[in-house]
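Encoded as structure tokens, the structure appears first; notes follow it.
Values reported hereafter were calculated over all heavy atoms of this structure, with side chains retained and with hydrogens, waters and symmetry mates removed. As the structure is a computational prediction, the values presented were derived from the model and not from experiment.
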Amino acid sequence: MAKLSTDELLEAFKEMTLIELSEFVKQFEDTFGVTAAAPVAVAAAGAPAGGGDSAAAEEQDEFDVILTAAGDKKIAVIKEVRALTSLGLKEAKDLVDGAPKPVLEKVDKAAADKAKEQLEGAGATVELK
């Protein structure tokens, strides 16, 4: 079997939907006996040992991007939702029409900020939770 370069693998991942990529990660974890979330679990487990309220003061590491309103440029918002989620046109339109709705769930801060910036640039009102 020919080996794929890192760039070739990244290109293959870029073409996958979020669901396909999630299934790949699960299969990868099962095959190699690893967990992608292990460093996060260790950091979260270590936090309560430091003090009683330190867990509450710990910064949130997973965010939900909630579309609260589509704004005046609804078509541009639908295009951004499709780009962020790999949803079809009808599903993206239904999500935008049904606002407030989550666009992305349990993503890291950088991805949430980027999605918020893109959606707000298209004219939407967005909230991070």
Within 6.0 Å of [atom1] in [X], more than 12 heavy atoms from elsewhere:
X: Ile75; atom1: CD1; value: no
X: Leu10; atom1: CG; value: yes
X: Glu117; atom1: CD; value: no
X: Asp30; atom1: CG; value: yes

Looking at every heavy atom in both [X] and [Y], which two are closest together, and how far apart are they?
X: Leu104; Y: Val107; value: CB-CG1, 4.1 Å
X: Leu95; Y: Pro102; value: CD1-O, 3.6 Å
X: Ala122; Y: Val77; value: O-CG2, 3.7 Å
X: Leu21; Y: Phe13; value: CD1-CD2, 3.7 Å

Side chain to side chain contact (heavy atoms under 4.5 Å, CB included) between Asp64 and Lys106, worked out
CA-CA 5 Å; Asp64 293 342; Lys106 297 184 180 174; 4.2 Å; yes
Going from [atom1] on [X] to [atom2] on [Y], what distance comes out if it is rounded to the nearest 0.5 angstrom?
X: Thr125; Y: Glu120; atom1: OG1; atom2: CD; value: 7.5 Å
X: Ser86; Y: Glu91; atom1: OG; atom2: CD; value: 11.5 Å
X: Phe32; Y: Gln27; atom1: CZ; atom2: CD; value: 10.0 Å

Taking NZ, NE, NH1 and NH2 as the nitrogens, is one of them in Lys26 or Glu23 under 4.0 Å from a carboxylate oxygen of the other?
no
Within-4.5 Å side-chain heavy-atom neighbours: Val65 and Leu128:
yes
Taking C-beta and beyond as the side chain, do Lys101 and Ile66 meet within less than 4.5 Å on heavy atoms?
no
For residues 75-89, pull every pair meeting salt bridge (charged side-chain N to carboxylate O under 4.0 Å, His left out), keeping only residues two or more places apart or in separate chains.
none
Look at the side chain of Thr68 and the backbone N and O of Glu127, then say whether any donor-acceptor pair between them is shorter than 3.5 Å.
no
According to a hydrophobic-cluster definition based on side-chain heavy atoms being under 4.5 Å apart (Ile, Leu, Val, Met, Phe, Trp, Tyr only), do Leu87 and Leu84 belong together?
yes
Can you sort out the partners of Lys93 under side chain to side chain donor-acceptor pair (under 3.5 Å), two or more places apart, ordered by chain and number?
Asp97
